[in-house]
Novice: 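First the structure, then my questions, so here it is.
Small disclaimer: the values here were computed from a predicted structure and weren't measured. Here is how names work: the chains are called A, B, and so on, in the same order as the sequence lines, proteins then strands, and each is numbered from 1.
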Amino acid sequence: NAGVTQTPKFQVLKTGQSMTLQCAQDMNHEYMSWYRQDPGMGLRLIHYSVGAGITDQGEVPNGYNVSRSTTEDFPLRLLSAAPSQTSVYFCASSWTGSNSPLHFGNGTRLTVT
Amino acid sequence: SQQGEEDPQALSIQEGENATMNCSYKTSINNLQWYRQNSGRGLVHLILIRSNEREKHSGRLRVTLDTSKKSSSLLITASRAADTASYFCATGGSGGSNYKLTFGKGTLLTVNP
């Protein structure tokens, strides 16, 4: 099992550009989520999904879109990148949301100039 | 907003010593989880303790939970250089926050050989 796979590992964007961060899991988990990690801020939840076709907002959703068309994939879209979105982004999945352990990908380091 | 707060922010010990990290939180929880993050990598789940449990062990790890004080501690016994990492507590809520796992800012543990 590959677990949770995130691509790309690194990305540099200019302000105003858009892009999609990819996340795929092969554990048949219903729950998937996106976090961002900033120095001194810990991890903050952006969006999450409890199954295909169902998504909801986390703590810091502005500027990001998600969709969940399959159980395996949960892409995160940046609509118009801003320097404040410079961060490390982590995708994570689990069986039942916050009541079971999260499995994390290795992250995407995004820089917006 | 952050739910868990780890203490201390940084801890430096010698190999073979024990390391204790604390986590405090503010609202009622279903469970509390501890994660480890090695530099540049994703988080790895260590242990989950439910709100009706007081203590849990896993190898060299011992976690306690005191719901009356809204606090938890993670003890790593006989530490090794490979234990050097950041450690995060995360709380799983109840009711409307059942799908949101909220992370603290972490404790950076350095184990010197």
Novice: For residues B/Thr91 and B/Thr102, is any side-chain donor paired with an opposing acceptor at under 3.5 Å?
Specialist: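 Checked: B/Thr91/B/Thr102 side chains show no N/O donor-acceptor pair below 3.5 Å.
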Novice: Of the listed residues (B/Ala90, B/Gly40, B/Gly106, B/Gly42), which shares the most heavy-atom pairs with chain A below a 4.5 Å separation?
Specialist: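 Of the options given, most contacts go to B/Gly42.
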Novice: What distance separates B/Lys105 NZ from B/Asp7 CG, expressed to the nearest 0.5 Å?
Specialist: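 The CG atom of B/Asp7 is 13.0 Å from NZ of B/Lys105, to the nearest 0.5 Å.
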Novice: Can you tell me how far apart NE2 (A/His47) and CE (A/Met32) are? Round to the nearest 0.5 Å.
Specialist: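 One gets 14.0 Å once the value is rounded to the nearest 0.5 Å.
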Novice: Mind checking whether A/Val50 and A/Val66 sit in one hydrophobic cluster, side chains of I, L, V, M, F, W, Y counted as touching below 4.5 Å?
Specialist: no
Novice: State whether a side-chain donor-acceptor pair under 3.5 Å links B/Gln33 with B/Tyr35.
Specialist: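 B/Gln33 vs B/Tyr35: donor-acceptor pair found between side chains.
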Novice: Which atoms of A/Gln37 are under 4.5 Å from chain B, going by heavy atoms: the side chain, the backbone, both sets, or neither?
Specialist: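 Looking at A/Gln37, just its side chain touches chain B.
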Novice: Without hydrogens or angle criteria, can the side chains of B/Asn112 and B/Ser12 be said to hold a donor-acceptor pair below 3.5 Å?
Specialist: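 Yes.
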Novice: Roughly how far, to the nearest 0.5 Å, is the CD atom of B/Gln9 from the OG atom of B/Ser86?
Specialist: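 B/Ser86 atom OG to B/Gln9 atom CD measures 11.0 Å (nearest 0.5 Å).
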Novice: Which residues, numbered in order, of residues 69-95 of chain A come under 4.5 angstrom of chain B by heavy-atom distance?
Specialist: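 Listed by number, the contacting residues are A/Phe90.
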Novice: Under 4.5 Å from any heavy atom of chain B, what part of A/Leu45 do you find: side chain, backbone, both or neither?
Specialist: side chain
Novice: Against chain B, work out which of A/Tyr31, A/Phe104, A/Tyr35 has the most heavy-atom pairs shorter than 4.5 Å and name it.
Specialist: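 Heavy-atom pair counts peak at A/Phe104.
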Novice: Quick one: what part of A/Ser100 sits under 4.5 Å from any heavy atom of chain B, side chain, backbone, both or neither?
Specialist: backbone
Novice: Measure B/Gln37 against the heavy atoms of chain A and call it side chain, backbone, both or neither at under 4.5 Å.
Specialist: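 Only the side chain of B/Gln37 comes within 4.5 Å of chain A.
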Novice: Say whether, by atom type as modelled, one donor and one acceptor occur between the side chain of B/Glu15 and the main chain of B/Ala81 under 3.5 angstrom.
Specialist: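 A pair under 3.5 Å: yes.
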Novice: Between A/Thr55 (side chain) and A/Ser49 (backbone), is there a donor-acceptor pair under 3.5 Å?
Specialist: no
Novice: Please classify the contact between B/Leu43 and chain A as side chain, backbone, both or neither, with a heavy-atom cut-off of under 4.5 Å.
Specialist: both
